[in-house]
Number of protein chains: 2
Amino acid sequence: MSEHSPQAETVADKIDPGLGNVLFDVWLVSRAVHALIDDAIRSSGLDADEFAIYSVLASGTPMTPSDLADWMAAPPTTVSSYVKRFERRGHVRRVQNPEDRRSYSVELTAAGREAHHAAGALFRPALDHVDKALEESAGDTRQRLLELRRVVDTFATD
Amino acid sequence: MSEHSPQAETVADKIDPGLGNVLFDVWLVSRAVHALIDDAIRSSGLDADEFAIYSVLASGTPMTPSDLADWMAAPPTTVSSYVKRFERRGHVRRVQNPEDRRSYSVELTAAGREAHHAAGALFRPALDHVDKALEESAGDTRQRLLELRRVVDTFATD
DNA sequence: TCTAGGTAATGCGATATCGTATTACTATTA
DNA sequence: TAATAGTAATACGATATCGCATTACCTAGA
């Protein structure tokens with residue numbers, strides 16, 4: 001396996017594929033995707049994780065730190081430092097919840113929306129490439145991913 | 001959303017699903033998967049990333065640090081510290097490449113195989129749950145993931 | 001064989017992640 | 001309404017990640 005490569009093949013090809021299982025495969029793919037996004041949007045000053053968070057916030061869904069933590073399966077402390085960082089950048093604002101003074105929701109500022117937009121512009125070519133390469137199977141892929149997320153959440157919650 | 005929830009639904013349900021695109025979906029699912037694995041195997045002393053690396057090594061494919069970096073789409077410096085850490089644990093050994101004195105391959109020691117085995121035992125129930133819940137679509141899911149990885153690698157390489 | 005350019009791996013430093021313990025508040029029960 | 005338990009968020013500290021610069025080695029060209 002390590003001595004020579006018959007064709008132009010990627011590392012991923014050479015390794016598995018018997019090793020694989022769904023969870024492992026997700027892990028592996030996501031590393032590549034994460035790197036792809038990081039590289040694509042680097043010059044915007046956001047990384048893949050940050051871009052994703054900015055994206056939900058930009059979508060208009062009000063999110064508390066706890067919501068964010070559940071949504072992205074991150075520990076509360078991690079979300080805390082994200083919010084602090086984003087706020088320091090002037091990209092995010094905390095909006096007090098009048099019903100519960102411990103809590104607040106996180107909102108993008110105008111500057112935050114701009115940053116997200118800029119990152120989005122860098123992101124789109126990469127996404128287009130992938131979508132194009134996937135062709136009709138793209139929808140199917142997303143379906144499988146959503147299903148998987150549902151299953152995983154079930155397990156984590158039980 | 002913070003006021004009330006109609007059913008027993010997960011956070012993921014409430015958010016999207018218009019926001020989504022393949023890359024974003026992968027990112028999101030992988031966070032959940034990563035957390036799931038972390039939690040499942042925590043008591044083994046390995047985390048999800050480490051378990052994955054131990055797994056390739058356990059599979060018998062000889063891997064240099066560069067191979068590992070390519071395979072898991074991580075920067076060389078990150079792999080370097082992984083190897084150092086694993087070696088410190090006594091789980092891994094460096095085997096010099098006689099052809100190239102800069103290089104070496106990484107091998108699991110007996111202790112490393114044991115650690116991997118222990119983590120594997122904790123991992124399996126989680127995997128079984130997911131596989132069972134996915135039923136026949138599991139194979140299809142893996143297929144989609146492998147395809148995606150291929151596409152992403154193509155983009156990264158061009 | 002010398003030199004220039006490429007590649008494998010790492011040291012170091014900056015910053016990110018996340019576990020443990022804590023604070024501040026809300027809900028529940030009596 | 002006091003006491004207890006539960007929940008939202010964070011401070012702090014330990015460790016991980018990764019970019020930049022560097023070392024050591026290999027390869028190609030003259």
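All chains are named by letter (A, B, ...) in the order of the sequence lines, taking the proteins before the strands, and each is independently numbered beginning at 1.
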To the nearest 10°, let me know how far the axis at one end of the helix from dT1(C)-dA30(D) to dA30(C)-dT1(D) is tilted from the axis at the other, five pairs an end. 30°
Whole Å only: how far is the CD atom of Gln96(B) from the P atom of dT10(C)? 10 Å
What one-letter contact string describes nucleotides 11-24 of chain C from 5' to 3', where B marks a base within less than 4.0 Å of any protein heavy atom, S marks contact via sugar-phosphate atoms alone, and - marks no contact? B----SSBBB---B
Name the nucleic acid region contacted by Pro76(B), choosing base, sugar-phosphate or nothing; use a 4.0 angstrom heavy-atom cut-off, strictly under. base
Residue pairs involving residues 26-43 of chain B (criterion side chain to side chain donor-acceptor pair (under 3.5 Å); sequence neighbours excluded): Ser30(A)-Ser30(B), Asp49(A)-Trp27(B), His34(B)-Asp38(B), His34(B)-Asp49(B), Asp39(B)-Arg42(B)
Would you please test Ser55(A) and His116(A) for side-chain contact (heavy atoms from CB on, under 4.5 Å) and show each step? CA-CA 7 Å; Ser55(A) 295; His116(A) 175 247; 2.9 Å; yes
Can you tell me if the side-chain N/O atoms of [X] get under 4.0 Å from OP1 or OP2 in [N]?
| X | N | value |
| --- | --- | --- |
| Tyr104(B) | dA24(D) | no |
| Ser66(A) | dT7(D) | no |
| Thr64(A) | dA8(D) | no |

I'd like to check the side chain to side chain donor-acceptor pair (under 3.5 Å) partners of [X]; sequence neighbours left out, ordered by chain and number.
| X | answer |
| --- | --- |
| Arg101(B) | none |
| Ser66(B) | none |
| Glu107(A) | none |

Keeping to residues at least two apart or across chains, list the salt bridge (Lys or Arg N to Asp or Glu O under 4.0 Å) pairs with something in residues 113-130 of chain A. none
Sequence neighbours left out, what passes salt bridge (charged side-chain N to carboxylate O under 4.0 Å, His left out) with Asp47(B)? Give chain and number order. none
Set of salt bridge (charged side-chain N to carboxylate O under 4.0 Å, His left out) partners for Asp140(B), sequence neighbours left out: Arg144(A), Arg144(B)
Could you check Pro65(B) against Pro98(A) and say which one's nearest nucleotide on DNA chain C is further toward the 5' end? Pro65(B)
Residue whose nearest DNA chain D nucleotide is more 5′ - Val83(A) or Asp100(B): Val83(A)
